[in-house]
Amino acid sequence: MQEQQISIQDIEGRGIPLRGNDIDTDQIIPARFMKRVTFDGLGEFAFYDHRYDDEGKPTKPHPLNDRRFKDGSILIVNSNFGCGSSREHAPQALARYGVRAIIGESFAEIFAGNCTAMGIPAISLPHHDIEEIMQTVEHDPATPITTHISDQVVSVGEHRYHFDLSPAYRNALLTGAWDSTSLMLANLEEIKATAARLPYISSFESVEVS
Amino acid sequence: MAENLFNKVWDLHKVKRLESGQDQLFIGLHLIHEVTSPQAFDMLRERGLKVLYPDRTFATVDHIVPTASQERPFGDQLAEEMMQALERNTAEHGIEFFGLHTEHQGIVHIIGPELGLTQPGMTIACGDSHTSTHGAFGSIGFGIGTSQIRDVLATQCMAISRPKVRKIDVSGSLSRGVYAKDIILKIIASLGVHGGIGYAYEYAGEAVRALSMEERMTICNMSIEGGARVGYVSPDQTSYEYVKGRRYAPQGESYDRAVEYWKSIASPEDAEYDDVFELDAGQLEPMVTWGINPGQAIGISEPTPRIASVDRGHREVAEKAYAHMGFNEGEPMQGKPIDIAFLGSCTNARISDLREAARYLQGKRVASSVKAFVVPGSRQVAKQAEAEGLPQIFADAGFEWRGAGCSMCLAMNPDKLEGRQLCASSSNRNFIGRQGSPTGRTVLMSPAMVAAAAVTGKIVDIREHL
Ligand code: SF4
C-alpha cells in the first residue's frame, strides 16, 4: 500500500487509451483472482479475460497487451469507469500494473472513492477532450502526459486541458492529507462525542417516549 | 423546509468537515466478510492501529464458502486461507464472527437484518457494494473499498462527500406475477446504470409502503446497479415490527424509545428532495435483462431494443451485449432456452423469495435440459424453510438444495457457469464473466420467473403460469 503522508504533485508518464463506457470492476479484475489475502501480484491479472487466451497467453487485442502502450502509466478511459462491485482489488490491480493516474469522462462513485483513498488521482474531463487525448496517444504513444495537480491541468504533448478538483481534495493530494485514516483519527475526541449523542449507542436512553 | 431522512441521519452522524472537503461520518454498524477485509487488517497492523469499536463490528463468511459441502478444511486451499485469515483477525480484535461454526452464517446483507443488527436511523458500512440493502430499514448503507474498511476499523468513520437525494415515487399497486425485483429493474432501465451517480435514492409512494421488509430489501439492494451508492425506504410500522424481538434489537422499554427515535428520523410528507422520479407500479410487467448490465432490461412482452433506437452513448454497449448474448435486436426474450436456473443471492434468497418459488413449483418438475439449484441466503433462512417443508418441494421438483452463501452470484466458489451456458438468475449482476465463465450468459429476473424458466426450460411470462 501507499505510505501515509505522501504528497502527490505532478504525475508524468505515457498514456494507455482504454476505450469503452461502463467498464465494470468484474472486467478490471475477475472475482476468481480476488481469492487471496493480500493485494500483491494483482497487477498481472488486470483485465485478465480481455487479455489472455484459453492457453493463458496475452494474445487478445487489448491496450494492456499492446506493445505500443507497455510503458504507459496514465490510463485514459470513457464514462462510468469502475462501476459494479466495490472491490478495491480493481484500482489495486491497476496500481500494481503501474497505473498512477486515471483520466476519464466519469467514474463510478465507489471506484473513485477507492482511488482517492489510495492516492491515485481520478480526473474527469469532458467527452471531446478525452476523445482528443485518446486519438493523440493512439497516433503517437510516446506523447508525454503530465497531470499537474496544483494548477489542475493535464498536458498532453502541446495541448493543455483544464480539470476541476475540489480545492480541499487538491490540497489533500498536494500535502499528503489524502490519507484519511490519520486525518480522521486526529479527531478522536469528536468521534467519541458523536458516538455519545447517537441514541442507539446508549440504548436510546436519551429518547423521550411521548 | 422539512428535511428528508437522509439529511437528518447524515447530520446526526457527522463528526466534522475534513480538510479534504469531505465529511467525516460516524458509522454505527460495520459488517465485514472474508474477501475485502484481510488486506484492511494488514494495513492496520502495518500502522500499529487497533479496531476502535470492536463491538460495533460483526463478521460473517459468504463469498467463498462452497454451498455443496461446507466441511472444513475447504477443498480449495485459497478459500481455506481466506477463511482462516478472517478467523484470526476477528479473534485478535475481539469481533463477533458468525462463521460456519454458528447458526447465523449467511450472506452479510441477509444476516444483518435477520439478527436485528440493521436498524432504522443508523449508518452502516460494509466492504461490499450491496450494502445499500440495509437502507430498506431507513438506515444509510454504504458499500466501501478496502482502504475505507481500514478507516472504519481504525476510526469507526468514513470520509465521504454528501450526495444529493432523489425521491423515487412509486404509485399504484403491483399486479399478480409482478414483484419488487421488477420495480427495481424498471427503475434502473429507466434512469440508466449511471443515473444514480451522486445521488442517494429514497424509494417512496404507496407501492413501496405496501411492500414487506424483504421486498424493500430487494429494491434497496440493487440501488448500486443504478449508480446510486445509497438507497433507502423511510421507516414505518412494517419496519418497526420486523426489527422487534430480534437478537440485537432493543428490547422492552428500550424498544419503545427506539421507535420514537425511528419515527423522528423518518421523512415527513413535505420533505424536500433534490430530484423526484415517478413510476406507476400498476403499469409494470415482469422484467428480464437482455444484455450485459442490469440497465439493459425490458418488460417480458416487449421485443429487445433496436440499436438505432438506443441513445448514442449506449449503442456501443448494446452492440457488445448482443454479440455476447447471441440475441438479435427486435426479438422477444420469451422462449429462449436456458441451461441453468439459479435461485439465490442477497437480492432474492430470503424466505419470502423461496416461498414464492416453492408455491409455483409444487407438483411440477424441472425440465430435463435444465440444472436448477436453490441457495438460501443464510442458515436462518434455510432453517425456516426446513420448518415449512420447502426443501422437499424443491427436491421433488428437481432443484438441488444447497448451503448458505453467495454461490453463483459471483464466481468465487465452486458454483460457476460453464462455457456459453445461459442462466436464469435471481441475482443482481449480468456483467460478462460475473457467474464464472467468460462466455457465460446471465438473464436477471424475479425468483418466480426463475422457477418458471426452470420448469419450462425457457424464459416465459410467469403471469401465464400462475
Ligand atoms: S450474493 Fe452476490 S451481490 Fe450479494 S454479497 Fe454475495 S456476491 Fe455480493
Side-chain angles (χ1 to χ4, degrees), chain A residues 1 4 20-22 24 26-27 30-32 34-39 49 79-80 83-89 91-92 106 108-111 113-114 117-118 166-169 171-172 177-178 180-181 183-185 187-188 190-191 193-195 197-201 203-205 207-210, chain B residues 12-13 15-16 18-21 24 26 28 35-36 38-39 42-43 47 64 78-79 81-82 85 119 121-122 127-129 143-148 150-151 154-157 159-160 193-194 197-198 227 229 250 254 256-258 260-261 293 313 316-317 410-412 429 431-434 438:
Chain A
M1 70 174 276
Q4 53 198 112
N21 295 330
D22 306 323
D24 59 76
D26 278 83
Q27 312 301 309
R32 60 186 188 279
M34 292 161 60
K35 252 197 239 160
R36 48 187 63 228
V37 293
T38 70
F39 289 134
D49 292 338
S79 74
N80 198 27
C83 59
S85 150
S86 63
R87 61 188 70 161
E88 187 168 311
H89 301 68
Q92 290 281 0
S106 63
E109 228 163 292
I110 302 178
F111 181 85
N114 286 337
M118 294 168 57
S166 77
Y169 177 49
N171 193 36
W178 53 269
S180 43
T181 307
L183 206 63
M184 294 197 291
L185 207 49
N187 304 324
L188 191 57
E190 287 103 322
I191 295 174
T194 307
R197 69 164 188 256
L198 289 171
Y200 58 84
I201 299 219
S203 312
F204 301 91
E205 266 150 27
V207 182
E208 301 255 328
V209 181
S210 51
Chain B
L12 204 57
H13 290 79
V15 174
K16 70 185 290 187
L18 294 168
E19 292 161 38
S20 63
Q24 175 169 351
F26 187 88
V35 179
T36 54
Q39 302 85 352
D42 285 346
M43 293 174 185
R47 296 178 177 210
I64 53 130
L78 289 168
E81 255 175 59
M82 293 175 85
Q119 296 168 18
M122 269 185 177
D128 188 281
S129 57
I144 58 179
T146 296
S147 296
Q148 288 168 309
R150 171 201 66 200
D151 286 354
T155 72
Q156 201 62 32
C157 292
I160 183 170
V193 290
H194 320 188
I197 295 181
R229 190 176 192 175
S254 138
D256 299 335
R257 291 194 299 266
E260 292 297 316
Y261 165 62
N293 70 46
E316 188 201 315
V317 180
L410 98 171
M412 285 196 75
R429 283 187 177 144
F431 297 151
I432 294 175
R434 170 78 180 180

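Because only heavy atoms are used, hydrogens play no part in the values below, and waters and symmetry mates are left out as well, while side chains stay in. The structure displayed is predicted, hence computed values, not measured ones.
Neither the backbone nor the side chain of B:I160 comes within contact range of chain A; no heavy atom of the residue lies under 4.5 Å from a heavy atom of that chain. Contact annotation for B:V35: both backbone and side-chain heavy atoms come within less than 4.5 Å of a heavy atom of chain A. Contacts of A:I191 with chain B are made by both backbone and side-chain atoms, with heavy-atom separations under 4.5 Å. At a 4.5 Å heavy-atom cutoff, the contact between A:E190 and chain B is made by backbone and side-chain atoms alike. In this structure, chain B has a heavy atom under 4.5 Å from the side chain of A:P199, while its backbone stays farther away. Looking at B:Y261, the atoms closer than 4.5 Å to chain A (heavy atoms on both sides) sit in the backbone and in the side chain alike. Both the backbone and the side chain of A:A195 come within less than 4.5 Å of a heavy atom of chain B. Both the backbone and the side chain of B:D151 come within contact range of chain A, with heavy atoms under 4.5 Å apart. In this structure, chain A has heavy atoms under 4.5 Å from both the backbone and the side chain of B:R434. When heavy atoms are compared at a cutoff of 4.5 Å, A:R36 approaches chain B solely by way of its backbone atoms N, CA, C and O.
Remark: the backbone N or O of A:S203 is paired with a side-chain donor or acceptor of B:R257 at under 3.5 angstrom. One N or O on the side chain of A:N21 and one on the backbone of B:G313 form a donor-acceptor pair closer than 3.5 Å. A donor-acceptor pair is defined here as one N or O able to donate and one able to accept, closer than 3.5 Å; no such pair exists between the side chain of A:R32 and the backbone of B:M412. The main-chain N or O of B:S147 is found under 3.5 Å from a side-chain atom of A:E88 such that the two form a donor-acceptor pair.
The side-chain heavy atoms of A:I110 and B:I144, taken from C-beta on, include no pair separated by under 4.5 Å. Using a 4.5 Å heavy-atom cutoff, the side chains of A:S86 and B:Q148 are not in contact.
Between A:F39 and B:M43, the shortest heavy-atom distance links the atoms CE1-CE, 3.9 Å. What you find for A:R197 and B:L12 is that their closest heavy atoms are NH2-O, 2.9 Å.
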